[in-house]
There are 2 protein chains.
Amino acid sequence: MGNENLVFKKFLLSKGLKLTKPRKIILDTVFATHEHFNVDGLYDQIRKKHKDVSRATIYRTIPLLIESGLIKQSLRCLAKDHYEHIYGHGRHLHLICEKCGKIIEVESKETESILNKLAKKHDFKIREFNIGAKGLCEKCRNK
Amino acid sequence: MGNENLVFKKFLLSKGLKLTKPRKIILDTVFATHEHFNVDGLYDQIRKKHKDVSRATIYRTIPLLIESGLIKQSLRCLAKDHYEHIYGHGRHLHLICEKCGKIIEVESKETESILNKLAKKHDFKIREFNIGAKGLCEKCRNK
DNA sequence: TTGAGAATGAGATTTATTCTCAGAATGAAT
DNA sequence: ATTCATTCTGAGAATAAATCTCATTCTCAA
């Protein structure tokens with residue numbers, strides 16, 4: 001892992017944009033874990049090491065990470081947008097527990113191929129899947 | 001169609017809540033069409049006939065409609081939460097065009113049964129499915 | 001008809017996200 | 001290295017959807 005850097009660099013170059021320090025820090029922090037993230041959590045994480053990266057820049061960088069294909073918008077939870085990695089990760093869907101907030105990730109090849117078939121029938125070009133369900137996890141149900 | 005009233009009435013009763021005029025108006029307007037809706041659109045629609053229903057009451061009534069099983073939260077579009085009917089509607093998934101905003105609804109029995117199987121494997125109890133994809137519709141792609 | 005509790009409208013409040021702007025950083029060309 | 005046109009940045013203001021407050025009004029069971 002570390003090729004996110006190259007991907008992002010190429011993307012910026014192709015757009016005439018610049019690879020600045022804040023953008024590097026944001027990219028590295030995003031890919032330092034494999035977890036979902038939101039702006040608040042990311043900001044806290046970054047601030048531990050770098051006191052000079054602002055929320056505004058995080059908000060401005062996320063669309064670039066999305067456009068470069070490194071991350072995608074994921075679920076929305078507690079009124080906050082969440083994001084997840086695409087680069088280096090297999091496709092998956094989410095089972096979200098509405099009580100404890102736990103997110104179970106599951107392989108989703110089957111559902112995607114079905115969705116692809118349906119899209120073809122409607123002459124629709126899929127850019128991004130969004131497959132999941134909300135409910136109760138085993139722990140929250142058994143008590 | 002018209003049984004939404006009964007369903008909602010029973011739900012309110014079971015909760016010790018009251019079937020007020022604003023709630024009736026909101027319910028009727030929501031089910032006057034089969035379309036997705038958001039608070040703003042619903043408010044405008046209601047205001048054509050009833051000048052005395054406030055946004056606050058709409059925001060307060062929607063969770064009740066959800067809890068009673070009549071509607072569900074659907075996609076989020078242009079920073080607004082959208083909702084859709086459950087009562088009287090077959091399950092479906094969405095293909096959302098990111099350019100023109102068009103929403104294509106498609107039957108989704110297959111994907112749901114797969115998701116159900118996966119949920120079972122993880123001992124997860126699904127309350128609500130969320131299946132869809134974003135991309136470009138045929139019209140927006142061919143120009 | 002009454003009364004206790006629930007619901008309402010209006011507007012204030014909250015809060016995630018976006019915008020503004022003056023100054024700083026970037027990188028291609030020299 | 002230096003220059004310079006352009007892009008970026010941080011800080012805080014602005015925006016806007018959704019929630020909350022509160023004094024008043026409505027519901028409905030008795």
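Lettering follows sequence order; numbering is per chain, from 1. Quick note: numbers below take in every heavy atom, side chains included, and nothing from hydrogens, waters or symmetry partners.
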Take atom [atom1] of [X] and atom [atom2] of [N], then tell me their distance rounded to the nearest Å.
X: Tyr43(A); N: dA16(C); atom1: OH; atom2: P; result: 13 Å
X: Lys15(B); N: dG5(C); atom1: NZ; atom2: P; result: 19 Å
X: Phe8(A); N: dT26(C); atom1: CZ; atom2: P; result: 14 Å
X: Asn38(A); N: dA16(C); atom1: CG; atom2: P; result: 9 Å
X: Asp52(A); N: dA25(C); atom1: CG; atom2: P; result: 10 Å
X: Leu12(A); N: dA25(C); atom1: CG; atom2: P; result: 19 Å
X: Ile25(A); N: dT9(D); atom1: CD1; atom2: P; result: 10 Å
X: His50(B); N: dT8(C); atom1: NE2; atom2: C1'; result: 16 Å

Subject >> Contact state string [nucleotides 17-30 of chain D, B base, S sugar-phosphate only, - no protein heavy atom under 4.0 Å] >> reply: SBBBB-----BS--
**OP:** Locate the shortest heavy-atom distance separating Phe11(B) from Leu64(B); write the atom from each residue and the value.
**Re:** CE2-O, 3.7 Å
**OP:** Might you point out which heavy atoms bring Cys97(A) and Leu136(A) nearest each other, and give the distance in Å?
**Re:** SG-CA, 4.1 Å
**OP:** Evaluate the salt bridge (charged side-chain N to carboxylate O under 4.0 Å, His left out) criterion for residues Arg141(B) and Asp123(A): first the C-alpha distance (whole Å), next the side-chain angles of each, then the deciding distance (0.1 Å), finally the verdict.
**Re:** CA-CA 9 Å; Arg141(B) 218 165 59 255; Asp123(A) 207 348; 2.7 Å; yes
Subject >> Residue whose closest nucleotide on DNA chain C lies nearer the 5' end, Gly16(B) versus Val53(B) >> reply: Gly16(B)
**OP:** For the pair His94(B) and His36(B), name the ring-plane relationship: parallel under 30°, tilted 30 to 60°, perpendicular over 60°.
**Re:** perpendicular
Original post:
Taking the six-membered ring for Trp, are the ring centroids of Phe31(A) and His85(A) within less than 6.0 Å of each other?
Top reply: yes
Subject >> Residues Lys125(A) and Glu138(B) bridged, charged N to O under 4.0 Å >> reply: no
